[in-house]
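The structure under discussion appears below in the form of structure tokens.
Throughout, a chain's letter reflects where its sequence line sits, starting with A, and its residues are numbered from 1. No experiment lies behind these values; they were computed from the predicted model shown.
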Amino acid sequence: MQVVIVREDKRNVRRKVSEDEDDGTESEEERLRDQREREELEQHLRERDTARTRKLTEPKMSKKEQEEFVRRDSAVDKGDIESLRKFSWQEYMKKRKQKKVLELKDDIEDEPYLFGDEKLTEREIREFRYKREIYELIKKSTQEEDNVGEYRMPDAYDQQGSVDQEKRFAVSVQRYRDMGSAEKMNPFAEQEAWEDHQIENAALKFGAKNKEVSDNYEFVFEDQIDFIKASVLAGDNYEDEMHAKPSQDSAGKSAFHMLQEDRKALPIYTYRDQLLNAVKDHQVLIIVGETGSGKTTQIPQYLHEAGYTKLGKVGCTQPRRVAAMSVAARVAQEMGGKLGHEVGYSIRFEDCTSEKTILKYMTDGMLLRELLGEPDLGSYSVIIVDEAHERTLRTDILFGLVKDIARARPDLKLLISSATMDAEKFSDFFDQAPIFRFPGRRYPVDICFTTAPEADYMDAAITTVLTIHVKEPLGDVLVFLPGQEEIEAVEENLKHKIRGLGTKIRELIICPIYANLPSELQAKIFEPTPEGARKVVLATNIAETSLTIDGIKYVVDPGFSKMKSYNPRTGMESLLVTPISKASATQRTGRAGRTSPGKCYRLYTAFNYYNDLEDNTVPEIQRTNLASVVLSLKSLGIHNLLNFDFMDPPPSEALIKSLELLFALGALNQLGELTKAGRRMAEFPLDPMLSKMIVVSDKYKCSDEIISIAAMLSIGPSIFYRPKDKQVHADNAMKNFHVGNVGDHIAFLKIYNSWKETNYSTQWCYENYIQVRSMKRARDIRDQLEGLLERVEIDVSSNANELDSIRKSIVAGFFPHTAKLQKNGSYRTVKHPQTVHIHPASGLSQVLPRWVVYHQLVLTSKEYMRQVTELKPEWLIEIAPHYYQLKDVEDATSKKMPKTSGRAVV
DNA sequence: GCAGATTGA
């Protein structure tokens, strides 16, 4: 059996190495360290084994493998949707399982020999793990199943006698010449190549690609990172692209004709008729296509050409405003009409449609709003849910609703469009709807993993960027980092390192990008890179989906992002740095191949990738506060929420919590039915607590002030601009608004009014370290709320001097969010007791009022209440007698509390 | 003595 030979061989290699190193002079300290490391490794491998054994008993094919298979299958007879549909999953599953089982069995049997009595050095351990990873990778990427068992060992180079250096060298070079099939079958040749490569890298030669710059300089980075090319994110239609370029002699034609030719060059054009047939035959269709295939712009036009628009509008939803606008503009151009006539878009604050509009692009939230007024979507003949794979909160809700509508309205066509992952899941959800796949247009991207785990991803990212800069041909680099802080740190460090290298390297332009960055600085990333220079974009998640940067050739992916999670029990939100999912790793990788073939450097090992990363990101609906979702579903007439058809149901605890909250706010009655107040609250596109605050403000005659506060609160913390070097100034500027310790809500009101008094001056914002963009948004929201007040018959009334009535309105919305001071200076929430603190950024963080109402709880380094305002405990009984009893409030006035720490409300 | 990723209505 060949496996046996392999074992023998490996053992030889290992013995030799350990003899060399074991020279008997090892210190006690080293011995202990070695032992500890070995124990750690053993522990790790044991855990892995149990995980494997589990897999062995219930073998499961990952989504990725399924996709792989389908892609391969469709390559055989491209575009033939019939053959795709006929294909048998059972048979394929069976085959895969058998194979998987064999592989795993092999591995597990293979492992124990490692832990005999022999001592393993760190180097050996790493080597073994490395080999194992490669082996697994290669098995995975093997195309022909038959070949799996027959890989061949390379000649050993460390046997007695002469070593054939020439042959050895040939192997290492071959890797770069082509990834031939023999090479792929041979994991240890790869290893050799890697070692050679590593030695070569130890002295980093500079300018090898460019004779003119290449002097005799040698740069050595102290901690070079080793990468290994593991796989390729295949490009689709890469060849086609080359030929499909519009012809040069089109000068004589009109712009309109050229647009029509461009349309025909899109990959989707080939499948036009098949697609239309499929739409005709099926009510629901899942469409899977890579980005750049033209599905968003073309499909609605095809449907229009096929006459669907005669029966009703074609609606296409997008998760983002910008996308809806720009796509609509493009399609209007292609159809030769004006935007807003036949083709229009509808987003918050902007409705660019008319009665003539037949193709309507909109944000998904907008369609949800429309559903409130038109529950059967009667004016639409087709609904397209685009970018479904992003699984935003609103697309998830739409799925459930739209599925229901489709059952009631057989004439409504439903298209769900998504990138590759999860297609089967969508299909299952929509009653086994057929899947229509077609290729996109993307260049291939090489994927490289590190050979060993990196302890500090930021440091690793910096080194990688510098290595790319010095060694790789020109092309821009995109680095994904979790947040603003990390971006700033990396930027500084990179600048410092570049200064150290002086003029011997090419110019490196560093561009940070994150959502909170002022927009004039954001624009920098889109400026073309000067000749001979290289641009490095340091980005958060924003570059993963929201914006695309052309010209990116290299992607550096440390594998982390920040993710919000919500604990329904405590009502606490937290933002944590978490490992990304495989799906988003693929998404990040794809960013390198938009305009030319590229490379992606992942700062984690292949082993981490396959074993530690989740397949898909947890959908938003499972990690967020559902109160406003529940309210809008209730107002759509969906009563039994626990049975609502969610694709991934949120935790029922979260649902129940939301129902309880809405009941406490008076939006629902004991039967769970929407009350009149609830109906009014649902009109506002806000969190129910904020809506309640507005509805109540009618009673206290201060709706004018309250909507300003609500608008500011819904913008959140991005109002303030606090650059690192000017933190003191920024904090001082804030103090003006907190005069008299009025509380954060009133401070927001003061900020808004001051800005309004300066006639919405940009200058004023700069002076006070406030973000203009956020303020403009607040103004838009405020305007919208003002318009809605009329609809729910609330008069705009102002009562600026009665701060207590404003406070009472706030309490009326946020009474479940109250806390009282403890002896030690911390706070305790009243209803579901837990210890919390006032956020240091709050104006009241030094004042410590006895009772406070807070806007939200966040968990960072401590449990913090963000945005707090003082209240009188009597108000709770007055405003929410159903929620608070006298005993809840009595404690406050008890003698235990030192009188000095409380402060009377003005 | 903080430290906010990203959308959307």
Side-chain angles (χ1 to χ4, degrees), chain A residues 317-324 346-351 362-372 387 390-398 480-489 513-517 539-547 560-565 573-578 580 584 617 620-621 623-624 628-629 631-632 635 682-688 690-691 710-711 714-724 727-728 730-731 734 771 774 777 780-781 784-785 787-788 825 837-843 845-846 856 858-867:
Chain A
T317 72
Q318 296 287 323
R320 272 170 297 279
R321 295 158 49 93
V322 221
S346 171
I347 57 179
R348 190 179 185 182
F349 311 129
E350 246 187 289
D351 186 2
M362 59 186 121
T363 45
D364 41 17
M366 207 64 204
L367 186 62
L368 276 178
R369 285 274 136 190
E370 277 187 21
L371 271 167
L372 285 175
E387 313 283 353
E390 282 190 30
R391 303 292 309 277
T392 62
L393 180 60
R394 291 162 303 279
T395 29
D396 265 21
I397 305 288
L398 268 184
F480 283 101
L481 292 164
Q484 180 179 348
E485 198 187 332
E486 289 86 350
I487 288 177
E488 279 164 2
I513 176 111
Y514 43 86
N516 252 351
L517 195 74
T540 57
N541 268 354
I542 197 172
E544 207 175 295
T545 49
S546 308
L547 52 90
F560 291 101
S561 73
K562 282 196 177 168
M563 201 158 71
K564 193 171 88 179
S565 55
E573 283 177 356
S574 50
L575 204 59
L576 291 173
V577 177
T578 38
I580 58 172
S584 71
T617 314
E620 193 185 354
I621 197 168
R623 48 182 174 84
T624 196
S628 73
V629 166
L631 182 60
S632 40
S635 63
E683 287 290 328
F684 294 97
L686 295 170
D687 187 272
L690 287 171
S691 316
S714 55
I715 300 296
S718 62
I719 292 170
F720 306 111
Y721 181 55
R722 269 190 93 204
K724 248 200 178 123
Q727 283 183 6
V728 190
D731 290 349
M734 277 312 101
Q771 297 242 26
S774 306
R777 238 183 94 74
D780 285 341
I781 294 177
Q784 191 189 25
L785 294 178
L788 287 169
H837 309 266
I838 294 188
H839 196 283
S842 160
S845 60
Q846 303 301 318
Q856 66 177 161
V858 290
L859 176 67
T860 48
S861 55
K862 269 184 183 174
E863 294 85 354
Y864 283 116
M865 298 180 281
R866 200 176 262 167
Q867 281 100 34

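Taking atom NE2 of residue His839(A) and atom C1' of nucleotide dG4(B), one finds them 8 Å apart after rounding to whole Å. Atom NZ of Lys564(A) and atom C1' of dT7(B) are 10 Å apart (whole Å). In this structure, Arg348(A) places its CZ atom 15 Å from P of dT7(B), rounding to the nearest Å. Rounding to whole angstrom units, CD of residue Glu370(A) and P of dA9(B) are separated by 12 Å. Here dG8(B) presents its P atom at 8 Å from CD1 of Ile347(A), a figure rounded to the nearest Å. For the pair Arg866(A) CZ and dG4(B) C1', the computed distance is 6 Å after rounding to whole Å. The interatomic distance linking Glu573(A) (CD) with dA3(B) (P) rounds to 13 Å, in whole Å. As a whole-Å value, the separation of Asp780(A) CG from dA9(B) C1' is 13 Å.
Nucleic acid contact for Tyr864(A): sugar-phosphate only, since backbone atoms but no base atoms lie under 4.0 Å from a heavy atom of the residue. Across all strands shown, Asp687(A) has no heavy atoms under 4.0 Å from either base or sugar-phosphate atoms. Within 4.0 Å (heavy atoms only), Gln484(A) reaches sugar-phosphate atoms of the nucleic acid but no base atom. Nucleic acid contact for Ser718(A): none, since no nucleic acid atom lies under 4.0 Å from a heavy atom of the residue. Looking at heavy-atom distances under 4.0 Å, Arg320(A) makes contact with sugar-phosphate atoms alone, never a base. Within 4.0 Å of Ser861(A), counting heavy atoms only, lie sugar-phosphate atoms of the nucleic acid but no base atom.
Residue Thr363(A) places at least one side-chain N or O closer than 4.0 Å to OP1 or OP2 of dA9(B). Listed pair Thr540(A) / dT6(B) meets the phosphate criterion, a side-chain N or O lying under 4.0 Å from OP1 or OP2. The phosphate of dA9(B) has OP1 or OP2 within less than 4.0 Å of a side-chain N or O from Arg321(A). Contact between the side-chain N/O atoms of Tyr514(A) and the OP1/OP2 oxygens of dT6(B) is not found at any separation under 4.0 Å.
Residues Gln727(A) and Val322(A) both approach DNA chain B. Their nearest nucleotides, taken by heavy-atom distance, put Gln727(A) toward the 5′ side. Nearest-nucleotide positions on DNA chain B for Pro717(A) and Gln784(A) put Pro717(A) closer to the 5' end.
At a threshold of 4.0 Å, the pair Glu573(A)-Arg866(A) does not count as salt-bridged, since none of the basic side-chain nitrogens sits closer than that to a carboxylate oxygen.
Here the side chain of Gln484(A) pairs no donor or acceptor atom with the backbone of Tyr514(A) at under 3.5 angstrom. Between the Ser632(A) side chain and the Val629(A) main chain, a donor and an acceptor come within less than 3.5 Å of each other.
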inquiry  = salt bridge (Lys or Arg N to Asp or Glu O under 4.0 Å), that's the test. Do Glu485(A) and Lys562(A) meet it? Break it down for me.
reply    = CA-CA 12 Å; Glu485(A) 198 187 332; Lys562(A) 282 196 177 168; 5.5 Å; no
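Each of dC2(B), dA9(B), dA3(B) was ranked by its minimum atom distance to the side chain of Thr860(A); first place goes to dA3(B). Which of dA3(B), dC2(B), dA5(B) sits closest to the side chain of Leu575(A) comes down to dA5(B).
One side chain, Thr392(A) or Thr395(A), offers a donor N or O that lies under 3.5 Å from an acceptor on the other.
Under the side chain to side chain contact (heavy atoms under 4.5 Å, CB included) test applied with Met362(A), the options Leu368(A), Asp351(A), Leu367(A) reduce to a single match, Leu367(A).
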